[in-house]
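Following: one structure in structure tokens, then a few remarks.
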Amino acid sequence: MAGRSLLGARRTVRIVESSHSNHGSVQIRRSKGSHNRIMTETTSERDYLPGMGKHFLLPLYDVVHRLFRVGRVHEEMIERAGLTAGQRVLDIGCGTGNLLRATATRRPDVELSGLDPDPKALARARRKVKKARLERGFAQELPYPDDSFDRVFSSLMLHHLDTKSKDEMLAEVRRVLRPGGVFVLADIKVDQHSHGHGSRPMSEHLHDNVGDAIAQRLEAAGFTTEPTHTMILRKNWQVGIEVAR
């Protein structure tokens with residue numbers, strides 16, 4: 001898989017061990033030199049796109065977070081989640097823990113968990129959010145029992161997944177959400193009118209983010225959605241925040 005981060009850097013894929021052993025059959029994409037064919041292997045590994053697209057760019061993760069004012073998105077997500085005391089909250093693709101830290105600051109009375117496939121990002125998150133339960137794992141196979149969480153967050157990671165993995169993630173979110181639970185998702189939003197006409201190249205993963213595609217995908221997965229709230233970050237990047245039940 002390949003794509004572009006907010007910095008425009010090419011993303012590469014690295015095969016890593018998971019935090020739990022039984023993944024069964026997964027799909028691994030060959031390089032372009034192999035005509036980008038798909039091969040299926042039985043393995044305990046999955047491929048993933050690091051938060052900054054390349055592993056060596058991880059030190060820039062928080063710099064980009066501040067540069068693009070992603071904290072504003074996180075504050076809006078927390079507000080729309082309607083958190084109350086004692087709730088269990090999961091952040092899928094928590095990265096270095098910025099959303100978890102913001103949540104802990106505003107609502108120290110909730111129980112926080114975070115999941116990410118990148119062990120180095122998790123190490124940074126552990127230094128920021130001491131009380132959160134952080135685990136290494138994948139959005140397509142959440143390592144939690146059914147009905148485990150009152151609220152689930154996903155911030156700017158959905159476009160890291162291919163189309164099939166997106167649907168697998170949404171099915172897993174529905175499984176771990178308790179009855180009456182809320183899923184708050186933020187991701188890059190591509191303007192339907194400018195799609196295909198701008199100068200910025202679009203990654204294959206962002207083709208699933210054109211117009212109302214994310215809300216439609218949530219509804220197809222069985223969620224009921226509220227109207228999308230759109231925020232504009234620096235460099236004219238649009239982020240859509242979805243609240244789904």
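What's counted below: heavy atoms across the whole structure, side chains too, no hydrogens, waters or symmetry copies.
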Going through the distances and angles, do Leu177 and Leu90 end up as a side-chain contact (heavy atoms from CB on, under 4.5 Å)?
CA-CA 10 Å; Leu177 265 180; Leu90 170 66; over 6 Å; no

Determine the minimum heavy-atom distance between Gly114 and Leu100, stating which atoms define it.
CA-CD1, 4.0 Å

Atom CD of Glu226 with >12 non-hydrogen neighbours under 6.0 angstrom:
yes

Out of the candidates Asp208, Asp187, Asp212, only one should pair with Arg217 under the salt bridge (charged side-chain N to carboxylate O under 4.0 Å, His left out) rule; please name it.
Asp208

Of Arg72, His74, Arg80, which meets side chain to side chain donor-acceptor pair (under 3.5 Å) against Glu76?
Arg80

Do the rings of Phe149 and Tyr144 sit parallel, tilted or perpendicular, given the 30° and 60° boundaries?
perpendicular

Polar contact flag, side-chain donor to acceptor under 3.5 angstrom, Lys189-Thr228
no

With the side chain counted from C-beta on, respond yes when Phe153 and Cys94 share a heavy-atom pair under 4.5 Å apart, and no when they do not.
no

Would you say the side chains of Ser165 and Gln140 form a donor-acceptor pair under 3.5 Å?
yes

What one should report as the nearest heavy-atom pair of Lys166 and Leu161 is NZ-O, 2.5 Å

For the atom pair CD (Glu242) and CE (Met77), what is the distance rounded to the nearest 0.5 Å?
10.5 Å

Tightest non-hydrogen contact, residues Arg127 and Lys130, listed as O-CE, 3.6 Å

Taking Asp116 for its side chain and Gly95 for its backbone only, find out whether a donor-acceptor pair lies under 3.5 Å.
yes

To the nearest 0.5 Å, tell me how far Ser154 OG sits from His160 NE2.
10.0 Å

Taking C-beta and beyond as the side chain, do Leu112 and Asp91 meet within less than 4.5 Å on heavy atoms?
no

Would you compute the distance between atom CG of Leu122 and atom CG of Leu115 and round it to the nearest 0.5 angstrom?
7.5 Å

On a heavy-atom basis, which atom in Arg151 and which in Gly82 lie closest, and how many Å separate them?
NH2-O, 3.4 Å

Within 6.0 Å of CZ in Arg69, more than 12 heavy atoms from elsewhere
no

When rounded to the nearest 0.5 angstrom, what distance separates CD1 in Ile188 from CE in Met157?
12.5 Å

Salt bridge (Lys or Arg N to Asp or Glu O under 4.0 Å): which pairs involve residues 173-186, sequence neighbours left out?
Asp146-Arg175, Asp150-Arg178, Glu172-Arg175

More than 12 non-hydrogen atoms from neighbouring residues, nucleotides or ligands closer than 6.0 Å to CZ on Arg126, yes or no?
yes

Hey, is the main chain of Thr84 close enough, under 3.5 Å, to the side chain of Gln87 for a donor-acceptor pair?
yes

Shortest non-hydrogen separation from Pro143 to Glu135 and the atoms involved
CG-OE1, 4.2 Å

Under the ring pair (Phe, Tyr, Trp, His ring centres under 6.0 Å) rule, what pairs show up with a residue in residues 81-100, not counting sequence neighbours?
none

Looking at NE2 of His159 and CG of Asn209, how far apart are the two atoms once the value is rounded to the nearest 0.5 Å?
7.5 Å

Looking at every heavy atom in both Ile92 and Ala139, which two are closest together, and how far apart are they?
CG2-CB, 3.6 Å

Are Trp237 and Leu156 close enough, and set up right, to give a side-chain contact (heavy atoms from CB on, under 4.5 Å), and what steps lead you there?
CA-CA 12 Å; Trp237 282 93; Leu156 298 173; over 6 Å; no

For Glu219 and Thr225, does a side-chain donor sit closer than 3.5 Å to a side-chain acceptor?
yes

Asn98 CG to Lys128 NZ distance, which is reported to the nearest 0.5 Å
3.5 Å

By side-chain contact (heavy atoms from CB on, under 4.5 Å), Ala85 pairs with (sequence neighbours left out) Arg107, Asp109

